[in-house]
S.K.: 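Next up is a structure, given as structure tokens.
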2 protein chains.
Amino acid sequence: MDNNTATSIFGSLSSGIRLDVYRLLVKTGPAGLVAGEIAAALGLPSTNLSFHLKAMTHAQLLGVTQEGRFQRYRANMPLMLDLITYLTEECCSGHPEQCFDQASAFDCCESELSNPLTQTETKP
Amino acid sequence: MDNNTATSIFGSLSSGIRLDVYRLLVKTGPAGLVAGEIAAALGLPSTNLSFHLKAMTHAQLLGVTQEGRFQRYRANMPLMLDLITYLTEECCSGHPEQCFDQASAFDCCESELSNPLTQTETKP
DNA sequence: TCAATACTTCAATAATTGTTGTATTATTGA
DNA sequence: TCAATAATACAACAATTATTGAAGTATTGA
């Protein structure tokens with residue numbers, strides 16, 4: 001992960017439409033959705049959605065596979081994990097527990113179970 | 001966390017300069033840096049840096065406190081955790097382990113130790 | 001008090017990004 | 001084959017964002 005890759009991912013998620021698309025595809029997981037389903041779910045004109053899908057695919061935030069005349073899009077989850085790693089590299093110069101001393105409602109550094117990405121159940 | 005908040009955070013990190021600023025401040029942790037130190041570290045004209053710091057502060061990605069004639073900036077780490085939670089809410093409709101079955105090099109769902117935010121040591 | 005320092009604001013301009021409608025490509029099923 | 005469907009490409013225009021230099025505000029220390 002380098003600065004350019006990271007900024008293009010962030011740029012991809014800096015529009016309300018693209019963020020909605022991404023969250024929708026995170027929700028559907030490996031099944032993904034074809035472009036028309038995304039357009040219907042979000043109520044967007046196909047030409048505008050296509051513009052945004054292209055941007056997200058170019059940033060590698062989405063993957064796409066052809067199925068006949070359909071294009072199926074999926075969220076690239078591993079890339080998001082890479083991005084988080086990049087953001088927190090050298091956190092507090094190697095002492096990440098300090099980053100959260102300031103915060104009240106976070107106990108992430110005391111617990112190994114606080115990352116939503118690593119849990120299958122968040123509502124016990 | 002709502003769509004608008006999240007897109008403004010992503011917009012904040014969609015410029016190479018702002019991403020450099022954020023990562024620099026993550027690295028310095030609670031100590032933070034004053035504006036002049038950031039400008040010196042990144043080699044930026046103060047007027048341009050000020051523009052970017054204002055954008056990041058407005059998005060709440062940075063906090064700022066006055067110290068005499070200095071302005072000290074710090075990264076808002078808890079906000080980043082909120083953002084990650086927002087992105088992964090309803091991941092795979094409640095079955096996040098599926099999101100990573102596609103990936104080869106990630107074992108996050110088998111291990112509770114893979115989140116950089118929850119570790120104090122990443123290089124054993 | 002006053003010059004120097006730290007930083008921000010403002011205005012002008014440049015560059016990038018977003019939206020829409022129309023046209024085009026490719027695939028399917030009758 | 002051919003009309004219908006799915007989606008993308010292009011062009012025009014609108015809107016937003018970035019950069020710079022000059023001017024302004026506030027604080028400090030001599």
Side-chain angles (χ1 to χ4, degrees), chain A residues 3-25 28 31-76, chain B residues 3-25 28 31-76:
Chain A
N3 185 298
N4 280 348
T5 305
T7 55
S8 75
I9 296 169
F10 287 124
S12 277
L13 294 171
S14 68
S15 118
I17 289 176
R18 290 191 296 262
L19 182 55
D20 285 342
V21 169
Y22 182 75
R23 294 198 349 122
L24 181 60
L25 290 175
T28 60
L33 290 174
V34 301
E37 292 171 328
I38 300 170
L42 302 179
L44 292 169
S46 67
T47 180
N48 190 16
L49 177 63
S50 189
F51 168 83
H52 291 297
L53 289 174
K54 185 182 176 183
M56 298 173 79
T57 306
H58 184 75
Q60 304 196 66
L61 200 56
L62 303 185
V64 59
T65 54
Q66 185 158 6
E67 294 181 4
R69 57 183 148 174
F70 301 88
Q71 299 289 120
R72 182 167 299 271
Y73 288 89
R74 295 179 176 86
N76 182 351
Chain B
N3 185 298
N4 279 349
T5 305
T7 55
S8 76
I9 296 169
F10 287 123
S12 277
L13 294 171
S14 68
S15 117
I17 289 176
R18 290 192 298 263
L19 182 55
D20 285 342
V21 170
Y22 183 75
R23 292 196 352 121
L24 182 61
L25 290 174
T28 59
L33 290 173
V34 301
E37 292 171 327
I38 300 170
L42 302 179
L44 292 170
S46 66
T47 180
N48 190 17
L49 177 63
S50 189
F51 169 83
H52 290 296
L53 289 174
K54 186 182 177 184
M56 297 174 80
T57 305
H58 184 75
Q60 304 197 64
L61 200 55
L62 303 185
V64 60
T65 54
Q66 185 159 5
E67 294 181 5
R69 58 183 148 174
F70 301 87
Q71 300 289 120
R72 182 167 299 272
Y73 289 89
R74 295 179 178 86
N76 181 351

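These figures come from a predicted structure and were not determined experimentally. Letters A, B, ... mirror the listed sequences (proteins, then strands); counts begin at 1.
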S.K.: Taking all non-hydrogen atoms of both residues into account, name the closest pair between Arg18(A) and Met56(A) and its distance.
M.R.: O-CE, 3.3 Å
S.K.: Working to the nearest 0.5 angstrom, can you tell me the gap between Asp20(A) CG and Thr7(B) OG1?
M.R.: 9.0 Å
S.K.: Can you figure out which of dA18(D), dG18(C), dT27(D) approaches the side chain of Ser15(A) most closely?
M.R.: dG18(C)
S.K.: Please tell me if the side chains of Leu53(B) and Val64(B) come closer than 4.5 Å, counting only heavy atoms from C-beta onward.
M.R.: no
S.K.: Mind calculating the distance between CG (Leu49(B)) and P (dT20(D)) to the nearest angstrom?
M.R.: 12 Å
S.K.: The side chain of Thr47(A) lies closest to which of these nucleotides: dT8(C), dT22(C), dT27(D)?
M.R.: dT22(C)
S.K.: Roughly how far, to the nearest 0.5 Å, is the OG1 atom of Thr28(B) from the CG atom of Leu24(B)?
M.R.: 6.0 Å
S.K.: Could you state the CD-C1' distance from Gln71(A) to dT25(C), rounded to the nearest angstrom?
M.R.: 12 Å
S.K.: Please give, in whole Å, the distance from dT20(C) C1' to Ile17(A) CD1?
M.R.: 12 Å
S.K.: Indicate whether OP1 or OP2 belonging to dT17(D) is found under 4.0 Å from a side-chain N or O atom of His52(B).
M.R.: no
S.K.: Can you check the Leu33(A) CG to dA7(D) C1' distance for me, whole Å?
M.R.: 15 Å
S.K.: Could you grab the distance from atom CD1 of Ile9(B) to atom OG of Ser14(A), nearest 0.5 Å is fine?
M.R.: 12.0 Å
S.K.: Can you tell me how far apart NE2 (His58(B)) and CD (Gln60(B)) are? Round to the nearest 0.5 Å.
M.R.: 8.5 Å
S.K.: Round to the nearest Å and state the distance from Phe51(A) atom CZ to dA15(D) atom P.
M.R.: 15 Å
S.K.: When the distance from CG of Asn48(B) to P of dA15(C) is rounded to whole Å, what number comes out?
M.R.: 15 Å
S.K.: Report the residue (Arg72(B) or Glu67(A)) whose heavy-atom-nearest nucleotide on DNA chain C is the more 5′ of the two.
M.R.: Arg72(B)
S.K.: What's the separation between atom OG1 in Thr57(A) and atom CZ in Arg74(A), rounded to the nearest 0.5 Å?
M.R.: 12.0 Å
S.K.: Output the residues of residues 54-62 of chain A in contact with DNA chain D, where contact means a heavy atom of the residue under 4.0 Å from an atom of the strand; sort by number or write none.
M.R.: Lys54(A)
S.K.: Using the side-chain heavy atoms of Arg69(B), tell me which of these nucleotides is nearest: dT8(D), dT5(C), dA26(D).
M.R.: dT5(C)
S.K.: Of the nucleotides dT8(C), dA6(D), dA18(D), which has the atom closest to the Ala35(B) side chain?
M.R.: dT8(C)
S.K.: May I ask you to verify if any side-chain N or O of Tyr73(A) is less than 4.0 angstrom from the OP1 or OP2 atom of dA6(D)?
M.R.: no
S.K.: Once Watson-Crick and G-U wobble pairs under 3.5 Å are found, how is DNA chain C written in dot-bracket notation, 5' to 3', with | for any base paired to another strand?
M.R.: ||||||||||||||||||||||||||||||
S.K.: Rounding to a whole Å, what distance do you find between Ile38(A):CD1 and dA7(D):P?
M.R.: 9 Å
S.K.: From the set dC7(C), dT8(D), dA18(D), return the single nucleotide nearest to any side-chain atom of Leu53(A).
M.R.: dT8(D)
S.K.: Does the side chain of Arg23(A) come within less than 4.5 Å of Asn3(B)'s, by heavy atoms?
M.R.: no
S.K.: Report the distance from atom CG of Leu25(B) to atom CG of Asn76(B), rounding to the nearest 0.5 Å.
M.R.: 11.5 Å
S.K.: For a quick test of reading the model, state the closest non-hydrogen atom pair linking Ala75(B) to Tyr22(B) and the distance between them.
M.R.: CB-CE1, 3.9 Å
S.K.: Kindly point out which of dG18(C), dA7(D), dT20(C) is positioned nearest to the side chain of Phe70(A)?
M.R.: dA7(D)
